[in-house]
Amino acid sequence: MVKFLPLKQAVAENLNDGDSVAFEGFTHLIPTAAAHEAIRQGFRDLTLIRMTPDLIYDQMIGMGMAKKIVFSYVGNPGVGLLRRARDAIENGFPRPIEVEEHSHAGMANAYEAGAAGLPCAVFRGYRGAGLAEVNPNIRSVTCPFTGEVLAAVPSIRPDVSFIHAQKADRKGNVLVEGIIGIQKEAVLAARRAMVTVEEVVDTFDDLHPNLTVLPRWTIAAISVVPGGSHPSYAHGYYARDNAAYLEWDEIAANREKFQAWMQANVIEKSADDFAARVEHLRKAA
Amino acid sequence: MVKFLPLKQAVAENLNDGDSVAFEGFTHLIPTAAAHEAIRQGFRDLTLIRMTPDLIYDQMIGMGMAKKIVFSYVGNPGVGLLRRARDAIENGFPRPIEVEEHSHAGMANAYEAGAAGLPCAVFRGYRGAGLAEVNPNIRSVTCPFTGEVLAAVPSIRPDVSFIHAQKADRKGNVLVEGIIGIQKEAVLAARRAMVTVEEVVDTFDDLHPNLTVLPRWTIAAISVVPGGSHPSYAHGYYARDNAAYLEWDEIAANREKFQAWMQANVIEKSADDFAARVEHLRKAA
Amino acid sequence: MSELGFTPNEMMTIAASRALTNDDVCFVGIGAPSAACNVARLTHAPDITLIYESGTIGTAPQVLPLSIGDGELCETAVTTVSVPEMFRYWLQGGRISIGLLGAAQLDKFGNINTTVIGDYHHPKTRLPGGGGAPEIATSSKQVYITMAQSKRGMVEKIDFFTSFGHGEGGDHRKRLGIDTAGPTLLITDLAIWKPDPVTKEFTVVSLHPGVTCQQVQDSCGWVVKFAQALDETPAPSELELQTLRDLQARTKAAHEGTGKGKAD
Amino acid sequence: MSELGFTPNEMMTIAASRALTNDDVCFVGIGAPSAACNVARLTHAPDITLIYESGTIGTAPQVLPLSIGDGELCETAVTTVSVPEMFRYWLQGGRISIGLLGAAQLDKFGNINTTVIGDYHHPKTRLPGGGGAPEIATSSKQVYITMAQSKRGMVEKIDFFTSFGHGEGGDHRKRLGIDTAGPTLLITDLAIWKPDPVTKEFTVVSLHPGVTCQQVQDSCGWVVKFAQALDETPAPSELELQTLRDLQARTKAAHEGTGKGKAD
């Protein structure tokens, strides 16, 4: 049953060295605060799963925390490459990293199958695609009615998933709204799930019945971290800090600059620092 | 592209003798008015697809319109049996009827696969179940990663689906809310879809972004039929007429009584009669 | 109403409600299971999660639904999802602790028939069929069954396996690749039954107040096994009985109240 | 800016926008495709449906998104669905008329590489990868490609098949069981290309104003085929150009405006 905890404790209780972990968020609601807390606690040998690895995985990879990455788009969306991830893949710096690469369709179906308790996902995909030749986890099944050959990938079942959401009620039910991405699936596919939220409200009684609400018993821990998604955004709270994404391209281009930035902005900071980072973005939301 | 039409014309343009057709609605939002219009127009040799056939299929079967029924629960929910369907299955009256029976999980997955453009659905189901022995459309595939044997059923792709929904905007986008059931899948799985709605509003600009909205280009025709779901209900408009479901049990028990009821309440009526039937149920909604 | 102050059906519903806890996530069928779940919620298990297959998760209806998709289920739910999601993420996803099922025919191993009496292809009586039951029976962690006893209902051999219980008993579930516990509790209007740990045959472990072994046997189509130390089911408490009756009174009023002005 | 009054990139975007109609349902990537789609929407195709893979269906942003999931896409959308639903019901479901793709490397048969330069397992340059592209390329009814020409980008042989175009040409798609049309249009900063009906090799059918065949060949890594009757692409109209420039000005202002006060 869900517990409300300080972020430091919630991360410590739910993440372990060697875990497979998904910090999900499809551009929107990226759980940056939780990722930064994981960086501060210095976990090792993680298998990092995410459709769009983005800045937080660039940071974790750059800090040498990942032994493997499972992804479908390892870019800085709209900006370009992820330079720490590149350095790890191309040069094995700061450590070699294993790569399992899928398409978005493959990852989305794999999360869906994980949430659905299935061992694999079946879909029409990867036809003529090079990934099918380099990823042994892309296989096929044959439709027993039509004979059509369909793609199959293993379902994603992380040891733990972290997501950021708009709000929880006092009982611990969690609301995700706007671009809902893959968050519900990431939570339901995981053995345990940890959620950071912008705020806690008394009840969800006034919510529309068809919104994306995760019942309290699907979540292990909730931490209240206003701004916890920055430089991503929280629909209804603050806008995306596009400039920070543009700026990241320069920071990550240089190993030393990266380390200095991480020291100043992550290692020496805490979850409490996020609220101030989004202050100027609130009006735009 | 969607057209707003009178119900009579919308049904005439979209349904044909011999079609496979789904009039969907999971207890909520059952498209009774559309079904009654189909009965008045006297279509023949239909393959009727629906998870919970309910009163409207009992009526269509009793009128001899169906050559086959595909379903997962052929009962009057909370009341008991569907007596016209029973008469057809047990006695071939008024005509013999072919039966393809699934579980809810099988039908729900088959609609989902139809909406997803797949030839079949794959799920964990029918283990130890007698249906797997009597329905040749229940087969299996083997997970290429774990070796687990999973159930497979053909996807559902009706020639045409009919649903009832709360409202359309002037462009023809359609909102379904409350118990959304299988309606979105029924529309997206079908070659063409026809929707009856309670009302038309100017825009959907004030709707929450994550509600179930079917874009106008997924729908062939919309008809405005207030009360068109009676004795089922429309969340936010009128309550379920539970007494009518209880009463149906008696009407359908007798072939002559059934015919007389159909003559008086369907054949001699029109779509315009539905509004009055829900008047007393509006306050309760 | 018996001289005991409650009916066998009331005892059945209340006994079933007691088997449910605050932490349970129940997949609820219609009729007795629905009443039992809501009595539990209104008495000792206020935080129990009730899920109806129409997609409503965490509902708290004031009135028992006639169908599994009545409006109040949605209005009082934590969230309402689509039917495919319900069966994929919530049932198949392994999140249901207790699946509640009724039965038209039941055998001693908890196999259930609600499909046909007679041959499937030429039925004597065509029943509604399984609905969600085939996968409720295999994907829920445990299954609780409630039914009123009768020789016609509790039979040596069911006509059709709508949902699989323990099959021929023993490890039959495991042999079919089903890794959930299956039927672990049967509550009738006369007794509480649990499967034998090895054979999986349902065995009477508790008789409801005033019920004799003979009565149980007389209304059951197989030779009944009784536990060595038979309990007596505690009679319904005042609170339980009042809660159930109030619920049923509210329900009756609500369902009849919608009958006027319908198509005539 | 050339003496023509518009840049080659502006011409490319505007030529692409003209290929889109009011009835199209477009799956939009980021960069040039997004600009082209929104110029179409703001000029001749107000009812065009734009879908971004983040789940936003029928969006009408005032500002071009930096990512495929910026907030305005959701705020202006007809509806926003989950990512699995997007890929299952909307893309795989066959509802997309035009998939728009860019390319890091492109060959003459419309095969695209955005994954790696060099060997996959020991890449010289690791690029972002395919994202949605592998299935956009096979599930959309048609694929339109936009890219600025260069010898490094338009190559005889791509290093990796991120998404399949016409493979080796001819009926290669059909042989792989792909029943959609694939790349039917390539719009570069210099020309409009269409596949040969039989060989499927991209052939220049129209040169942008002021562009010569030699320029096209000089910035392409394969021997270019030109149509017998070469058209000249009509220059951007005042409205088209103003619409694009206004859109880009709004976009620049919006993206820079969020830069203050960030983590330092």
Side-chain angles (χ1 to χ4, degrees), chain A residues 26-28 51-52 71-75 77-82 85-86 89-90 101 103-105 108-109 111-112 123-131 134 148-149 178-182 184-185 230-231 233 235 239-247 264-265 273 276-277 279-281 284-285, chain D residues 30-31 53-56 65-71 73-75 80-84 86-88 91-92 111 113 115 120-135 137-139 160-164 167 172-173 176-178 254-264:
Chain A
F26 201 85
T27 308
H28 181 214
M51 294 186 68
T52 54
F71 69 94
S72 45
Y73 183 84
V74 63
V79 178
L81 308 166
L82 285 179
R86 269 189 68 181
I89 296 170
E90 294 171 11
E101 184 171 3
S103 65
H104 277 352
N109 275 284
Y111 270 118
E112 200 274 349
F123 63 107
R124 185 180 293 112
Y126 291 123
R127 285 186 184 161
L131 282 180
V134 297
E148 183 178 353
V149 177
I179 291 179
I180 52 178
I182 196 80
K184 185 180 211 169
E185 288 73 18
H230 179 270
Y233 70 106
H235 190 105
R240 190 172 192 263
D241 193 347
N242 281 324
Y245 281 89
L246 294 164
E247 193 190 44
N265 293 284
D273 293 301
R277 291 176 189 165
E279 211 40 64
H280 69 296
L281 298 160
Chain D
I30 284 303
E53 64 197 8
S54 55
T56 52
L66 182 66
S67 75
I68 39 61
D70 281 19
L73 295 175
C74 174
E75 283 154 22
T80 298
V81 302
S82 75
V83 166
M86 177 51 65
F87 282 95
R88 285 179 72 82
L91 179 59
Q92 184 179 264
N111 303 298
N113 173 25
T115 303
Y120 180 80
H121 294 289
H122 303 92
K124 187 161 157 282
T125 307
R126 174 66 225 199
L127 303 170
E135 284 75 23
T138 53
S139 287
F160 191 85
F161 270 55
T162 303
S163 66
F164 194 80
H172 199 173
R173 284 178 77 85
L176 294 187
I178 306 168
H255 291 180
E256 285 176 349
T258 55
K260 286 163 211 150
K262 65 189 171 297
D264 52 358

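To find a chain, count down the sequence lines: A is the first, B the second, and so on, and within it residues start at 1.
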Note: L127(D) and V74(A) closest approach over all heavy atoms is O-CG1, 3.8 Å
Distance col, row E112(A):CD vs R88(D):CZ, nearest 0.5 angstrom, shows 5.5 Å
dist R127(A):CZ -> R173(D):CZ (nearest 0.5 Å) comes out at 10.5 Å
Between L176(D) and G128(A) the two heavy atoms that sit nearest each other are CD1-CA, 3.7 Å
Closest non-hydrogen atoms of E90(A) and P123(D), given as atom of the first, atom of the second and distance, are CG-O, 3.9 Å
So, the part of S82(D) with a heavy atom under 4.5 Å from chain A: the answer is both
dist Y120(D):OH -> L131(A):CG (nearest 0.5 Å) comes out at 5.5 Å
Closest heavy-atom pair, G132(D) versus H104(A), reported as atoms and distance to 0.1 Å, is N-CD2, 3.3 Å
Cut-off 4.5 Å, heavy atoms of chain D, and the answer for Y233(A) is side chain
Whatever's closer than 4.5 Å to a heavy atom in chain A on F87(D) counts as side chain
Nearest heavy-atom approach of R124(A) to E135(D) is O-CG, 3.9 Å
Separation between CG (L81(A)) and OG1 (T125(D)), nearest 0.5 Å, reads 8.0 Å
side-chain hydrogen bond (donor to acceptor under 3.5 Å, both in side chains) filter on H121(D), not counting sequence neighbours, yields none
Cut-off 4.5 Å, heavy atoms of chain D, and the answer for L82(A) is neither
Output for pair (R126(D) CZ, E101(A) CD), nearest 0.5 Å, gives 4.0 Å
Of L91(D), T138(D), I178(D), D70(D), the largest count of non-hydrogen pairs under 4.5 angstrom with chain A goes to D70(D)
Heaviest contributor of heavy-atom pairs below 4.5 Å to chain D, chosen from Y245(A), F71(A), Y111(A), is F71(A)
S54(D) meets the side-chain hydrogen bond (donor to acceptor under 3.5 Å, both in side chains) criterion, sequence neighbours left out, with none
So, the part of T115(D) with a heavy atom under 4.5 Å from chain A: the answer is side chain
Of I179(A), I180(A), V149(A), the largest count of non-hydrogen pairs under 4.5 angstrom with chain D goes to I179(A)
In terms of heavy-atom pairs under 4.5 Å with chain D, the winner among P231(A), G75(A), A105(A), A108(A) is A105(A)
Note: P77(A) and S67(D) closest approach over all heavy atoms is CB-CB, 3.7 Å
